[in-house]
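What follows is a single structure, written as structure tokens, with notes after it.
When reading the values below, keep in mind they use all heavy atoms of this one structure, side chains included, and skip hydrogens, waters and symmetry mates. Below, read A as the first sequence line, B as the second, and so on, with proteins coming before strands; counting in each chain starts at 1.
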4 protein chains.
Amino acid sequence: MLVWCSPMTDHRSNPRRRGQELETAILEATIAELAEVGYAGLTMDAVAARAKAGKVSIYRRWPTKAALVMAAGYQYTRGAQVPPDTGSLRQDTFTWLRGFADQLEGPVGQALLGAVVDSANSEQPGELAKLSEGRGRQVAELLVQRARNRGEPVVAGLTDVQLSAPSNALKLYYFIHGGRVDDSVLWAIVEELAMPLWRAESRGC
Amino acid sequence: MLVWCSPMTDHRSNPRRRGQELETAILEATIAELAEVGYAGLTMDAVAARAKAGKVSIYRRWPTKAALVMAAGYQYTRGAQVPPDTGSLRQDTFTWLRGFADQLEGPVGQALLGAVVDSANSEQPGELAKLSEGRGRQVAELLVQRARNRGEPVVAGLTDVQLSAPSNALKLYYFIHGGRVDDSVLWAIVEELAMPLWRAESRGC
Amino acid sequence: MLVWCSPMTDHRSNPRRRGQELETAILEATIAELAEVGYAGLTMDAVAARAKAGKVSIYRRWPTKAALVMAAGYQYTRGAQVPPDTGSLRQDTFTWLRGFADQLEGPVGQALLGAVVDSANSEQPGELAKLSEGRGRQVAELLVQRARNRGEPVVAGLTDVQLSAPSNALKLYYFIHGGRVDDSVLWAIVEELAMPLWRAESRGC
Amino acid sequence: MLVWCSPMTDHRSNPRRRGQELETAILEATIAELAEVGYAGLTMDAVAARAKAGKVSIYRRWPTKAALVMAAGYQYTRGAQVPPDTGSLRQDTFTWLRGFADQLEGPVGQALLGAVVDSANSEQPGELAKLSEGRGRQVAELLVQRARNRGEPVVAGLTDVQLSAPSNALKLYYFIHGGRVDDSVLWAIVEELAMPLWRAESRGC
DNA sequence: CTCTAAACGAGACGGTACGTCCAGTCTTCGG
DNA sequence: CCGAAGACTGGACGTACCGTCTCGTTTAGAG
């Protein structure tokens, strides 16, 4: 044979993570980075370093920063989002928006923000819609349904535009003003947007 | 040495622009770049090159890319935005939203997008609000006032949230879906959001 | 999730090679890669792919790229190298150098080059010497011996330095100039280096 | 106007170096890196960091690692190379080779080595020749001329191949064996290569 | 008018992050 | 168990921009 061997020892972290375990670690690192430095300050290098992963392992899964951030945000918000039943559509709606607004202050807000800007100039503008849009409408529908079941007077046949109007107003407010959304803003959305659109009695004789 | 030689020759363009003339040239170059490559693809170097200006002349006026883009967008939209009186609040609203949506396809949309993302992580959130927010509410107020003057049944005492709801819905739709906004989306906003909120008769017995 | 799916399918090639057969296949793949892309362009992945072998199977045998390349070069040149007897030391020498120079144009040259650079910074300098050095001296000694047997006037007691001078001159010329070595260069080495050093009559009164 | 200004202070090293001063700093950093980690271990990042320069400032001047290293080696060896006149061609030659061999132990050897390997696979194989080849022949010619002036019997009309044979033998020995070259090797080159080729009396009756 | 200070164009500079490539190690499976 | 396959960590690559700085030139405005 012919071996003259430079030793070149190599002490890497063991055991090596793969597949789902690694994926989760990367997404968690992404969430942490988003919380610390925000979307604009997030770098692939920093995520890789925090996750103790190679950059290639990230790029193999998500081709862009936007895709990574969207996946992280999706994972983060997968848990329970349904607000408790307070017995009143008005209060239910406020509670829901308050919880959403609180989330927006953290990594979720940063993820949403980043997803918007990067997906706007991408080839796949519809990807973001899947992640972002349905949620607000679904929860709103649930709240309205609960109210109807309780016997509250609710408009029948609410459209997507009408159901998602409150959460959209909140999102846009956050996009433009940033930071924490005050209760007064949320109440304004509830009283002036959700109630007029959703409650039948507000249109009554 | 092996490579390189000093420049020496120097043929600069004359006469040199200053003050307002230079500023306008830079903003126009910014608009043009936004239209061509979008906000994410816009670089200060490219703007400077297109404007045949030094980068310092840009940074002297606007400290960041976001500031430059917002200034350019502001300048671009300074012109008339008030839609013609079609004799119907419904048609007026659609026409206005159609014009706005058309603008969003071009540099204005890119500017808005960029302003959102960069201002979110800045120390001065809220600055964007001044530029972006008032407009939609103002035009909506004008349309409603015209309708009232024509005798159309319009809700009195509409709030900011209610007046800006349609334009906000459009903006958010653009942010999330990108690209051209279809007429059907605009009509949905008009019929399901603007009319229910603004027209008194739609709440009638 | 948003992207990606696990591989699952797995069609391995059968039957599996082992031991000598596998080793030969790897070395042949190495030679082929050297010929195609040169030493600098050679990658372990490419060799493994071409040999349809796992990278581990390579690293198990040769710890570094340099070791692999040297082994491949050694195997490749194991065959007959002795030039035919032309009846003249001068012509024999030229023929031999010509053949050697021709080899240098192909994988052998690339292997030699790579071995030099990688072994220079290794812990085991001198290993390369075993592979590379003896050959030139041995063939030169053979040529001189044949000439002596034919009755040509040849200096007795030629040293290693003197015997390997022509082949060394050729190697260095190749290292520095690269590419194909012209006949004129080889003739210069023969006439101005080999003959003065080796032929007794050229030192005669 | 429209300025909302994030301060973004920036404390870089001042005054900034340019042109010749910067070039020298980079080459010195290259020499230092070569001495510390050798050619194979040298990275553009490390050179840039040590020189406190941007990588672009290096790439602007030298397109490849090989070009940088060659320039550094050239700069480093620009100083006096001519050995002192010892009164004997034999001793002069040894002294010269000893000095050359000593240099090869340091950054010059690494530079030569690296230049060889990277230029071999380049488009400009002739570039290296200019840097490397002339020197050995020139000094040898000078030594021989001095000997002739002293009255030593020297062969007239020595060719390039003959003049550069000793230094080439040394270079190749270094390439293959690496590390420090022993005096005995140098004396062998002097006695068995330089003297037989250069001294007329060694061919005399 | 001349003189001076500021603004300007051009682009080199130090620096950060990018997305890619490869070396060498580790894991997973099938035979 | 070994071999094929290939994912993994780590690190250098060469590029793109950022925002600053240096260099001469041009211009405006004061004396």
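Taking each heavy atom of C/Ile26 and C/Ala51 in turn, the nearest pair found is CA-CB, 4.0 Å. Looking at every heavy atom in both residues, D/Glu33 comes nearest to D/Ala46 through OE1-CB, 3.6 Å.
Each of F/dT20, E/dC18, E/dG24 was ranked by its minimum atom distance to the side chain of C/Thr64; first place goes to E/dG24. Side-chain proximity of A/Thr43 to E/dC18, F/dT22, F/dG3: nearest is E/dC18. Which of E/dG14, F/dC8, F/dG3 sits closest to the side chain of A/Ser57 comes down to F/dC8.
Looking at heavy-atom distances under 4.0 Å, C/Ala48 makes no contact with the nucleic acid at all. At the heavy-atom level, D/Ala46 lies nowhere under 4.0 Å from the strands shown. Within the 4.0 angstrom heavy-atom criterion, no nucleotide atom of any strand lies near A/Ile58.
Between C/Arg60 and F/dA4 there is no side-chain N or O to OP1 or OP2 distance below 4.0 Å. Under 4.0 angstrom from either OP1 or OP2 of F/dT26 there lies no side-chain N or O belonging to B/Arg17. For B/Arg61, a side-chain nitrogen or oxygen approaches OP1 or OP2 of E/dC8 to under 4.0 Å.
Ionic pairing of C/Glu23 and C/Arg60 is not present here: no N-O contact between side-chain nitrogen and carboxylate oxygen is shorter than 4.0 angstrom.
In this structure, D/Arg50 atom CZ and F/dA12 atom C1' are separated by 17 Å, rounded to whole Å. Per the geometry, CZ belonging to D/Arg18 stands 17 Å off P belonging to F/dT20, to the nearest Å. Rounded to an integer number of Å, the gap from CG of A/Leu68 to C1' of E/dG19 is 14 Å. Atom CH2 in A/Trp62 sits about 15 Å away from atom P in E/dG19, given to the nearest Å. Atom pair D/Glu23:CD and E/dA12:P shows a separation of 14 Å (rounding to whole Å applied). The distance between atom CG of B/Asp45 and atom P of E/dG9, rounded to the nearest whole Å, is 15 Å. Rounded to whole Å, the distance from CD on C/Glu21 to P on F/dC2 is 18 Å. Atom CD of D/Gln20 is separated from atom C1' of E/dA12 by 15 Å (rounded to the nearest Å).
With A/Asp45 as the partner, the salt bridge (Lys or Arg N to Asp or Glu O under 4.0 Å) test is satisfied by one option alone out of A/Lys65, A/Arg50, A/Lys55: A/Lys55.
A heavy-atom distance below 4.5 Å is not found between the side chains of C/Val69 and C/Thr64. Residues D/Arg61 and D/Leu22 are in side-chain contact: their nearest non-hydrogen atoms beyond the backbone lie under 4.5 Å apart.
The nearest heavy atom of DNA chain F to D/Tyr59 and to C/Val56 marks one nucleotide each, and the one closer to the 5' end goes with C/Val56. Position along DNA chain E of the nearest nucleotide to D/Ala51 versus B/Leu22 favours B/Leu22 as the more 5'-ward residue. Toward the 5' end of DNA chain E, the nearer of the two residues A/Met44 and C/Met44, judged by each one's closest nucleotide, is A/Met44. For A/Lys55 and B/Lys65, each mapped to the nucleotide of DNA chain F holding its nearest heavy atom, the one lying further toward the 5' end belongs to A/Lys55.
A donor N or O paired with an acceptor N or O is not found under 3.5 Å between the base of E/dG14 and the side-chain atoms of D/Lys52.
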